[in-house]
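Report on one structure; see the data block that follows.
All chains are named by letter (A, B, ...) in the order of the sequence lines, taking the proteins before the strands, and each is independently numbered beginning at 1.
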Amino acid sequence: MYNTMIKGLCKISNNVIAISLLKLMDERGCKPDCFTYNTIIDSLCKDKLIDDAFKFFKEMVFQKGISPDVITYSSLIDGLCKLGRWDEAPKMLQEMLDDGISPNVQTFNILIDACCKEGKVKEAEDFINIMLKRGEMSKAISIFDSMAFRGIFPNVVTYSSLLNGYCKSLNIEEAMNLFHEITKKGLKPNVVTYNTMLQGLFRVGRCGDARKHFDEMLAKGFLCNNHKIEEALSLFHLTGDGKLNSDIAVYTILIDGASKCGKLDIATALFQDVTNKGLHPDLKTYNVMISGLCREGLVGDAKELFLKMEESDCPPNNVTYRVLLQGYLKNKRYDDVQILLERMDELGYSLDASTLSLLIDAVAAGSFDTTMSTLIAHTTPHWIFSESSEVHNSLQDFGYRFVHKVLGWSNFSIPADDTAI
DNA sequence: GTAGGGTTAG
């Protein structure tokens, strides 16, 4: 009863109430168990509140005498990895081993995924017996050896993470090999596997192969066909997740991929297809499409789509504003820039470094009157000028002197607080 | 019963 409520609260990220419920159940003599703590610890980790998660881990072990299990440790390891706390993740793995708890395939998958996404695995290597030093991918593979040693075999998730690693490093040949390897091992690629592969193929411009993969997905029934769509939609509303969620993601990948390959006609047709099938484009779909239209200079069409978003239940977000703004600036269409900036200011949206950079260029070229400076200043977050920020370099190109000269900010100084300038 | 993989600006 309590556990079910705690699980529900954690699912909606209401940690505070979940924790008070934990205390309440304890006071009422209903002892929390490993499951209760696992649920709360994982939820805290997912909210990046790892120190709080450790507090409950200690409470569980030292005060309540409950032994943590593989799920407790895996959740904590995942939390540490996702926060980039690399020194602590392997310590946790070691602690787990010392505690006599064996990691399982899911524990390894957490580590493999982290390896594939980050380069900083030096400390982790010591604990997962990594012998090879031939770059990040082989590090991940050597974890496979370690897994096999323990009698744990990679599953489709393991391979999909590695596939993602290969695709992100543009090693498409290895990715393709791995993809075929999955089937050879008797494992079934799923929607995520296909999506990863599709994304990778587009990234290296292999649209034909991407198309083949898409057709294969259709053939395998990953996507809804026209006859099943109604049924699937009602199911979607009932469950709130499932394959249909993936469908719009697949289309978004396809639209983005096609337009980046210079095939805007295909992208447009796909976008139309989404609507025809009764699927709803989400923010990502719209942003990808607007970006694609701008890339080809079709700023008018991009604006039209933007306006459509404003009327829909999927209003533009700050990314949409930035994409459209960049589209206008790159195509030297300045008429709507001011109104867009004003609206961004109203909505509390801010500019990013690349958009700001384009704006400053336009100001320098004399494309705007002086009132624009105030607007730009309003929508520029102060962190953009901070030393540690990666975007600082892009600003250094023209330097503070340039900002002074072009924008006339003669008294400009770095603000101390977090607010916009 | 509770833990793991893919999705957009640049």
Side-chain angles (χ1 to χ4, degrees), chain A residues 1-4 6-8 10-11 18 32-43 45-46 53 68-79 81-82 96 103-117 140 154-165 167-168 175 182 189-200 202 222 245-257 259-260 281-292 294-295 302 316-327 330 351-358 390-391 394:
Chain A
M1 162 69 172
Y2 281 107
N3 280 351
T4 316
I6 288 174
K7 183 181 149 193
C10 286
K11 204 168 187 175
D33 58 10
C34 189
F35 168 85
T36 326
Y37 276 99
N38 283 353
T39 310
I40 285 176
I41 287 170
D42 185 60
S43 179
C45 285
K46 294 243 171 6
D69 62 4
V70 61
I71 295 179
T72 327
Y73 280 107
S74 298
S75 295
L76 287 167
I77 290 172
D78 191 43
C81 285
K82 297 237 158 79
M96 175 180 185
N104 61 15
V105 65
Q106 222 154 310
T107 323
F108 277 103
N109 284 350
I110 289 165
L111 288 160
I112 286 170
D113 188 56
C115 269
C116 291
K117 282 183 180 139
N155 60 16
V156 68
V157 176
T158 325
Y159 282 109
S160 299
S161 281
L162 190 59
L163 188 74
N164 187 38
C167 287
K168 288 266 154 72
I182 296 172
N190 59 22
V191 183
V192 177
T193 326
Y194 273 99
N195 279 0
T196 310
M197 199 64 232
L198 269 177
Q199 182 91 10
F202 273 125
F222 281 124
N245 259 340
S246 303
D247 281 342
I248 193 66
V250 177
Y251 273 102
T252 305
I253 291 169
L254 286 168
I255 291 166
D256 187 46
S259 59
K260 278 181 182 154
D282 62 10
L283 263 171
K284 294 172 187 174
T285 325
Y286 277 114
N287 288 348
V288 160
M289 196 61 228
I290 288 175
S291 161
C294 288
R295 200 177 288 117
N317 67 353
N318 54 353
V319 177
T320 325
Y321 275 90
R322 291 171 191 175
V323 173
L324 188 62
L325 211 45
Q326 289 195 25
K330 282 180 186 162
L351 289 163
D352 59 334
S354 41
T355 317
L356 179 65
S357 186
L358 286 168
E390 61 181 77
V391 291
S394 71

Sugar-phosphate, base or nothing in reach of A:D33, heavy atoms under 4.0 Å: base

Pair of N/O donor and acceptor under 3.5 Å linking B:dG5 base with A:S160 side chain: yes

Touch class at under 4.0 angstrom, heavy-atom based, for A:T193 against every strand present: base

Interatomic distance where CE belongs to A:M289 and P belongs to B:dT7 [whole Å]: 21 Å

Distance-only donor-acceptor check, side chains A:S161 and A:N164, under 3.5 Å: no

Phosphate OP1/OP2 of B:dG10: any A:K260 side-chain N/O under 4.0 Å: no

Given B:dG5, B:dG1, B:dT7, the nucleotide with the shortest approach to the side chain of A:I253: B:dT7

From B:dA3, B:dA9, B:dT2, nucleotide with atom closest to A:V70 side chain: B:dA3

Between B:dG5 (P) and A:I77 (CD1): distance, integer Å: 14 Å

Whole-Å distance separating the CD1 atom of A:I71 from the P atom of B:dA3: 7 Å

B:dG5 OP1/OP2 closer than 4.0 Å to side-chain N/O of A:Q106: no

Side-chain donor-acceptor pair present, A:S75, A:D78, cut-off under 3.5 Å: no

Nearest-nucleotide pick for A:V192, side chain only, options being B:dA9, B:dA3, B:dG5: B:dG5

Protein-nucleotide distance (A:I110, atom CD1; B:dT2, atom P), rounded to Å: 15 Å

A:D256 side-chain proximity, nearest of B:dA9, B:dT7, B:dT2: B:dA9

Sugar-phosphate, base or nothing in reach of A:S161, heavy atoms under 4.0 Å: sugar-phosphate

A:N190 side chain reached by A:V156 side chain, heavy atoms, under 4.5 Å: yes

Interatomic distance, A:N38 atom CG to A:I6 atom CD1 [nearest 0.5 angstrom]: 12.0 Å

Gap between atom NZ of A:K260 and atom CZ of A:R295 - 0.5 Å precision: 6.0 Å

Gap between atoms NZ and P, on A:K330 and B:dA9 respectively (whole Å): 10 Å

Presence of A:K284 side-chain N/O under 4.0 Å of B:dA9 phosphate oxygens OP1/OP2: no

Between CD on residue A:Q199 and CD1 on residue A:I253, distance to nearest 0.5 Å: 5.0 Å

Side chain of A:K46 - closest among B:dG5, B:dA3, B:dT2: B:dA3

Base B:dA3 to side chain A:N104, donor-acceptor N/O within 3.5 Å cut-off: yes

For atom CG of A:N190 and atom P of B:dT7, their distance in whole Å: 14 Å

Sugar-phosphate, base or nothing in reach of A:V288, heavy atoms under 4.0 Å: sugar-phosphate

Closest nucleotide among B:dT8, B:dT7, B:dG10 to the A:K168 side chain: B:dT7

Interatomic distance where CG belongs to A:D42 and C1' belongs to B:dT2 [whole Å]: 7 Å

N or O in side chain of A:K82 less than 4.0 angstrom from B:dA3 OP1/OP2: no

Nearest-Å distance for atom pair CG/P, residues A:D282 and B:dA9: 13 Å

Sugar-phosphate only, base, or nothing, as touched by A:N3 at under 4.0 Å among non-hydrogen atoms: base

